[in-house]
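Taking it in order: structure first as structure tokens, then the write-up.
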Amino acid sequence: MRVSSIHVFLAIVGILILTGYSYIISNGVHAQSQNSTAIGVTPNISAESIFNTKTMILGNNVKNLVILIPNEGHHAAGEDNEARFLDQHFVPENAVVNTGTTVQWFNGDAGHERTIDVKGPNGDTVFNTGEIVDSQASNPFTFSNSGIYNYEAEGDPGVTMTGSVTVNNIQSPVTSSASLTSTTPSSNSSNFDTVGILMVPTQDIDQYISQITDAGITVDNTFDFKDLRGGQEGTGDTQTLIVWTTGGKDLGETLSSLSEISSDLPYS
């Protein structure tokens, strides 16, 4: 009788262990699947999403990304009148890109120079931009290997500006935001290879959009936001993030046009 009781006890323990193990495996696979979906299946270049999540997810059709260093992003949080326009050191502060994507940083921080140091997944420096003057772009860097790359630049004393680029094998292209809201999406909705961000005062948005489109650059989508400063002379209290794209266009020519537009913005 005693031996039979032991056998029953061991059988019950075995069933509990197997059940628990099966549960853990099942939930682990589910979590991994969710993470994969977030990175590889849902590209998103919506300016509103970038503002709210600080993240942009590109598709496998994008070969070049131009990250914005926003004006006054070097200030610390909580300064008088906030000093910053938005709560991001870089726009997007977190980029998810496909393997082989080339990234440049465009300095929209009027009157300031920035130097960005990029660390690889093991923490070693893999790229340094050198000094980027305002209204100019950095030298390009191509992310050839998967992994998470953190980068930083020095802002005001005690302020370190940080961002990240996550490199993954993204399986699907990103489409234009206009096609997502259209009932008849264009077959050419993915016909671009370069994406970037610009910030401009909303009060003169029509003027800036005209300048951008006249330069052969497409305004994909925009998002207006009330800035942290609460308004200042020349810029008002609302700013606009512009997501722009180009396809088959010389990037140097595009950046030259953006430099001219940026240098005339009323930021100081």
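Note that these values count all heavy atoms, side chains included, but never hydrogens, waters or copies made by symmetry. We number each residue from 1, following the sequence as shown.
Residues T202 and T240 bring a donor and an acceptor atom of their side chains to less than 3.5 Å of each other. Judged purely by distance below 3.5 Å, without hydrogens or angles, the side chains of S146 and N168 never pair a donor atom with an acceptor atom. Side-chain N/O atoms of N94 and S164 include a donor and acceptor closer than 3.5 Å. Judged purely by distance below 3.5 Å, without hydrogens or angles, the side chains of D109 and N107 never pair a donor atom with an acceptor atom. S135 and S263 are not linked by any side-chain donor-acceptor pair at a separation below 3.5 angstrom, with hydrogens and angles left out of the test. Side-chain contact check for D224 and T238: no donor-acceptor pair (N or O, by modelled atom type) lies under 3.5 Å.
Here the closest heavy-atom approach between residue L265 and residue P201 is recorded as CD2-CD, 4.2 Å. Residues P266 and Y208 approach most closely at CD-OH, 3.4 Å, considering heavy atoms. Contact record, I132 with A137: CG2-C, 3.9 Å, taken as the closest heavy-atom pair. The minimum heavy-atom distance between L65 and A95, with the atom names listed, is CD2-CB, 3.7 Å. Residues E253 and D250 share a closest heavy-atom pair of N-OD2, 2.8 Å. Residue V118 comes nearest to Y149 through the heavy atom pair CG1-CB, 4.2 Å, listed as atom of the first residue, atom of the second, then distance.
The side chain to side chain contact (heavy atoms under 4.5 Å, CB included) test with I116 is passed by exactly one of N128, I67, I69: I69. With I242 as the partner, the side chain to side chain contact (heavy atoms under 4.5 Å, CB included) test is satisfied by one option alone out of I205, N221, D220: I205.
No side-chain heavy atom of Y151 sits less than 4.5 Å from a side-chain heavy atom of T162. Looking at I148 and P121, their side chains never come closer than 4.5 Å, going by heavy atoms from C-beta outward. Under the 4.5 Å side-chain criterion, counting only non-hydrogen atoms from C-beta, T245 is not in contact with T194. Put simply, the side chain of V165 reaches to within 4.5 Å of the side chain of V97, judged on heavy atoms. In this structure the side chain of N98 never reaches within 4.5 angstrom of the side chain of L58, judged on heavy atoms. Using a 4.5 Å heavy-atom threshold, the side chains of K54 and D87 count as touching. Residues P70 and L86 form a side-chain contact, since some pair of their non-hydrogen atoms from C-beta on lies under 4.5 Å apart. In this structure, P173 and P43 have side chains that are not in contact, with every pair of non-hydrogen atoms separated by 4.5 Å or more.
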- [ ] With side chain to side chain contact (heavy atoms under 4.5 Å, CB included) as the test, would you mind laying out the steps for T254 and W244 before giving the verdict?
- [x] CA-CA 10 Å; T254 297; W244 57 264; 3.8 Å; yes
TODO: Give the intermediate values and the outcome of side chain to side chain contact (heavy atoms under 4.5 Å, CB included) for residues F225 and M199.
DONE: CA-CA 10 Å; F225 65 94; M199 183 178 79; 3.9 Å; yes
- [ ] Could you please spell out the steps behind the side-chain hydrogen bond (donor to acceptor under 3.5 Å, both in side chains) verdict for Y267 and Q239?
- [x] CA-CA 11 Å; Y267 298 125; Q239 312 303 316; 2.7 Å; yes
Open item on the list: Set out, in order, the CA-CA distance, both residues' side-chain angles and the distance that settles side chain to side chain contact (heavy atoms under 4.5 Å, CB included) for V243 and I197, then state yes or no.
Closed with: CA-CA 5 Å; V243 174; I197 313 290; 3.7 Å; yes
Open item on the list: As a quick check of understanding, evaluate side chain to side chain contact (heavy atoms under 4.5 Å, CB included) for K249 and L251, giving each step before the final call.
Closed with: CA-CA 6 Å; K249 183 178 175 63; L251 185 52; over 6 Å; no
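The aromatic rings of F141 and F127 sit parallel to each other, their planes meeting at less than 30°, with 60° as the upper class boundary.
Linking Ile, Leu, Val, Met, Phe, Trp and Tyr residues whenever their side-chain heavy atoms come within less than 4.5 Å leaves F223 and L228 in two separate clusters. Clustering ILVMFWY residues whenever any of their side-chain heavy atoms sit less than 4.5 angstrom apart, transitively, puts V159 in a cluster other than the one holding L68.
Ion pair R114/D134 not flagged as a salt bridge, since none of the NZ, NE, NH1 or NH2 atoms sits closer than 4.0 Å to an Asp/Glu carboxylate oxygen. For D237 and R229, the salt-bridge test fails: no basic side-chain N is under 4.0 Å from an acidic carboxylate O.
Distance check: M161 CE to D156 CG gives 9.5 Å after rounding to the nearest 0.5 Å. Put simply, CG on L241 and CD on E48 are 10.5 Å apart, with the number rounded to the nearest 0.5 Å. Atom CD of residue E72 and atom CG of residue D227 lie 10.5 Å apart, to the nearest 0.5 angstrom. Of the inter-residue distances, the one linking E152 atom CD with T160 atom OG1 reads 5.5 Å to the nearest 0.5 angstrom. Atom-to-atom distance recorded for F85:CZ and N71:CG is 5.0 Å, nearest 0.5 angstrom. Annotation: the span from N139 atom CG to Q104 atom CD amounts to 7.5 Å, rounded to 0.5 Å.
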Please table the atom pairs, donor to acceptor, closer than 3.5 Å between any side-chain atom in residues 209-219 and protein atoms at least two apart or in another chain.
{"from": "T213", "atom 1": "OG1", "to": "I209", "atom 2": "O", "distance (Å)": "2.9"}
{"from": "T213", "atom 1": "OG1", "to": "S210", "atom 2": "O", "distance (Å)": "3.1"}

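In terms of modelled atom types and a separation under 3.5 Å, the side chain of T55 and the main chain of T53 share a donor-acceptor contact. For T99 (side chain) and N145 (main-chain N/O), no donor-acceptor pair under 3.5 Å exists by modelled atom type. Judged by distance alone, the side chain of D193 and the main-chain N or O of G248 form a donor-acceptor pair under 3.5 Å. For the pair E93 (side chain) and H89 (backbone), a donor-acceptor distance under 3.5 Å is present. Checking side-chain atoms of S49 against main-chain N and O of I45 turns up no donor-acceptor pair under 3.5 Å.
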